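Working notes, beginning with the structure itself.
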Number of protein chains: 2
Amino acid sequence: VAAAARSIRARRPAGLVIAARGSSDHAGLYGKYLFEIRNRVSVALAAPSALTHYGSGPRLERHCVIGISQSGSSPDVVAVVADARRQGALTVALTNDPASELARQAQHVIPLEAGQELSVPASKTFLATLLALALLSQELDPDPELEAGLGRLPGALEAALELEPRIQDLAAGLGTEHLVVLGRGYQLATAGELALKLLETCYLPAQAYSTADFRHGPIAVADPGLTAILLQSAGPFQADNAQLATELAGLGAQVAVLADGAPTEGAVAFDSGLPEALTPLPMGLAAHLLACHLAVRLGLDPDRPRTLRKITQTW
Amino acid sequence: VAAAARSIRARRPAGLVIAARGSSDHAGLYGKYLFEIRNRVSVALAAPSALTHYGSGPRLERHCVIGISQSGSSPDVVAVVADARRQGALTVALTNDPASELARQAQHVIPLEAGQELSVPASKTFLATLLALALLSQELDPDPELEAGLGRLPGALEAALELEPRIQDLAAGLGTEHLVVLGRGYQLATAGELALKLLETCYLPAQAYSTADFRHGPIAVADPGLTAILLQSAGPFQADNAQLATELAGLGAQVAVLADGAPTEGAVAFDSGLPEALTPLPMGLAAHLLACHLAVRLGLDPDRPRTLRKITQTW
């Protein structure tokens with residue numbers, strides 16, 4: 001991390017580009033908020049097909065390109081990083097396999113060191129990716145509050161694990177007719193991740209929205225068949241999110257809230273004591289537990305979803 | 001358009017940033033593919049809340065920022081453009097109201113000239129935004145094939161309008177239990193737009209996916225209750241998309257295809273004769289017709305959805 005940060009500081013890149021797929025793409029969205037807010041650098045999420053299928057990706061010689069792939073084998077993430085390096089971009093790989101093709105192609109490798117991922121859907125590698133991004137952001141622009149938060153992280157994650165019985169209760173009462181997951185700012189990434197896990201492990205067509213986008217259009221679907229899971233952290237959206245929850249309840253929808261440090265009526269609330277920039281870690285863990293217990297309730301094995309393979313083979 | 005393009009060429013920006021909400025955000029995604037593939041410039045879609053809620057957006061002095069808002073009044077799009085201009089960025093507004101706040105804040109204004117939008121959900125302003133982006137891309141890197149395609153556009157759009165009876169038939173047979181809209185490359189933007197219109201006008205929780213992302217994870221939800229609408233154009237994804245359609249049909253899902261220049265069995269197929277970069281225009285029109293007829297079939301007024309207002313007031 002320190003070496004990658006030194007190179008980035010030395011190069012002063014015009015912007016960051018993050019290339020990822022699936023869960024890693026949600027981690028990338030966390031990175032976008034983190035680097036744009038904390039490090040004030042513009043972040044683009046790569047559209048790999050420009051390069052891999054249209055044969056003409058953007059010029060990136062003034063950029064820093066971060067490829068994220070737990071396996072290090074996603075071919076289009078590898079392709080974006082390899083092409084960027086050929087162009088002269090600074091390249092960084094975040095991967096759980098430092099011997100992977102992605103790691104070989106990048107100048108800097110930040111290993112996730114999550115150990116072997118035993119379930120097919122990414123869980124601990126997702127959290128490890130969030131952590132790696134937070135460490136990189138902190139290394140680029142150190143801040144004592146974030147430093148202290150990083151020190152409290154192990155305890156905060158243990159506290160989230162202890163929520164399991166309450167999350168199991170939440171899963172037991174959750175409607176499954178029509179699910180949406182709502183979040184904003186830093187929790188937009190965890191909302192996307194939870195929706196994906198509900199799809200992959202519960203086969204429920206859950207959809208993630210920014211609370212702002214949801215309120216503008218898709219709220220039209222709100223009715224008593226809707227279950228909205230709101231991921232809430234103490235931060236600039238707390239009051240607006242709470243208002244949306246009230247609105248949705250008024251329309252007859254079921255509203256389930258996972259709240260970190262944001263006391264909300266009827267919520268599974270915890271208080272990690274972390275700066276908001278780090279709350280996606282315990283929230284991500286709580287979200288994974290929720291998907292896991294909903295899958296179990298539905299008689300499914302969350303570790304081995306049908307039709308999924310471990311490596312994102314984008315063809 | 002010409003003046004904006006001259007300024008962009010003179011500045012050689014490190015990247016483009018597109019700020020938009022709702023339908024305009026889907027147009028922005030089209031712009032991302034267009035500018036990255038055709039103009040080889042990296043495009044980031046703005047996360048306005050970094051600035052508006054966390055009070056700390058990215059540094060953009062080396063970038064060109066394009067704000068898209070049909071009304072020109074979306075406060076967070078205006079905020080991103082105004083802040084970027086203060087920072088010294090080159091700023092461009094795409095709006096249907098040249099007297100709007102967004103137009104006032106930007107150095108260059110590209111008026112959509114779509115006339116008054118009569119329905120609440122954006123339709124002709126969406127197509128006009130795609131066209132404005134295509135004209136800007138062409139002005140930056142002129143190409144005779146695209147030029148010829150732009151000349152054929154009015155005819156292609158009329159041909160799409162003539163599909164209406166067949167699209168009405170398609171809408172009549174469409175399952176509504178669980179809908180997804182699939183596309184890739186240039187059609188990812190139209191897939192997102194169709195999903196949003198199905199939500200806003202039919203109150204159906206449709207979700208858009210890249211065919212690549214869908215195949216990796218969410219395909220786990222495919223069963224006989226699923227209806228997949230595939231937006232297909234002649235291009236690098238044609239064979240892969242057709243294979244996915246076969247796979248989905250094999251899993252018992254209903255597959256409905258709108259195909260431009262890509263002959264596909266059982267599809268509502270047309271042949272606009274346009275270069276793929278322009279096919280989102282007739283495809284977007286066909287998608288709007290499909291949402292319209294499905295709403296009518298469901299006894300709803302597609303022009304006046306419940307809970308929607310004209311201006312994206314992100315609070």
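All figures in this text were calculated on a predicted structure; none of them were measured in a lab.
Summarising the geometry of A:Arg184 relative to B:Ser49, their closest heavy-atom pair is NH2-CB, 3.9 Å, with the distance given to 0.1 Å. The shortest non-hydrogen separation linking B:Asp213 to A:Arg21 is OD1-NH1, 2.9 Å. The shortest heavy-atom contact between A:Val43 and B:Ala44 is O-CB, 3.5 Å. Listed here is the closest heavy atom pair of A:His178 and B:Pro205: NE2-CB, 2.8 Å. What you find for A:Ala206 and B:Tyr209 is that their closest heavy atoms are O-OH, 4.4 Å.
For a residue to count as touching a neighbouring chain, one of its non-hydrogen atoms must lie under 4.5 Å from one of that chain's; by this rule B:Ala195 does not touch chain A. Only the side chain of B:Ser210 comes within contact range of chain A, with heavy atoms under 4.5 Å apart. Residue A:Leu29: no heavy atom, backbone or side chain, is found under 4.5 Å from chain B. Using a 4.5 Å cut-off between heavy atoms, B:Arg62 contacts chain A through its side chain alone, with no backbone atom that close. There is no contact between B:Glu177 and chain A, counting heavy-atom distances below 4.5 Å. Residue contact with chain A, scored on non-hydrogen atoms closer than 4.5 Å, involves the backbone and the side chain of B:Tyr186 alike. Contacts between B:Ile37 and chain A at a heavy-atom distance below 4.5 Å involve backbone atoms as well as side-chain atoms. With a 4.5 Å cut-off on non-hydrogen atoms, A:Gln87 touches chain B through its side chain but not through its backbone.
In this structure, the side chain of A:Arg40 does not engage the main chain of B:Ser56 through any donor-acceptor pair within 3.5 Å. Side-chain atoms of B:Ser42 never come within 3.5 Å of backbone atoms of A:Pro58 as a donor-acceptor pair (strictly under, hydrogens ignored).
Side-chain contact between A:Asp240 and B:His53: present, with at least one pair of heavy atoms (C-beta onward) separated by less than 4.5 Å.
The CD atom of A:Gln207 sits 6.0 Å away from the CG atom of B:Leu199 when rounded to the nearest 0.5 Å.
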TODO: Begin from the C-alpha positions of B:Glu36 and A:Tyr54 and carry the test side-chain hydrogen bond (donor to acceptor under 3.5 Å, both in side chains) through to its verdict.
DONE: CA-CA 10 Å; B:Glu36 292 206 339; A:Tyr54 291 102; over 6 Å; no
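Among the candidates B:His63, B:Arg59, B:Arg38, the residue making the largest number of heavy-atom pairs closer than 4.5 Å to chain A is B:Arg59.
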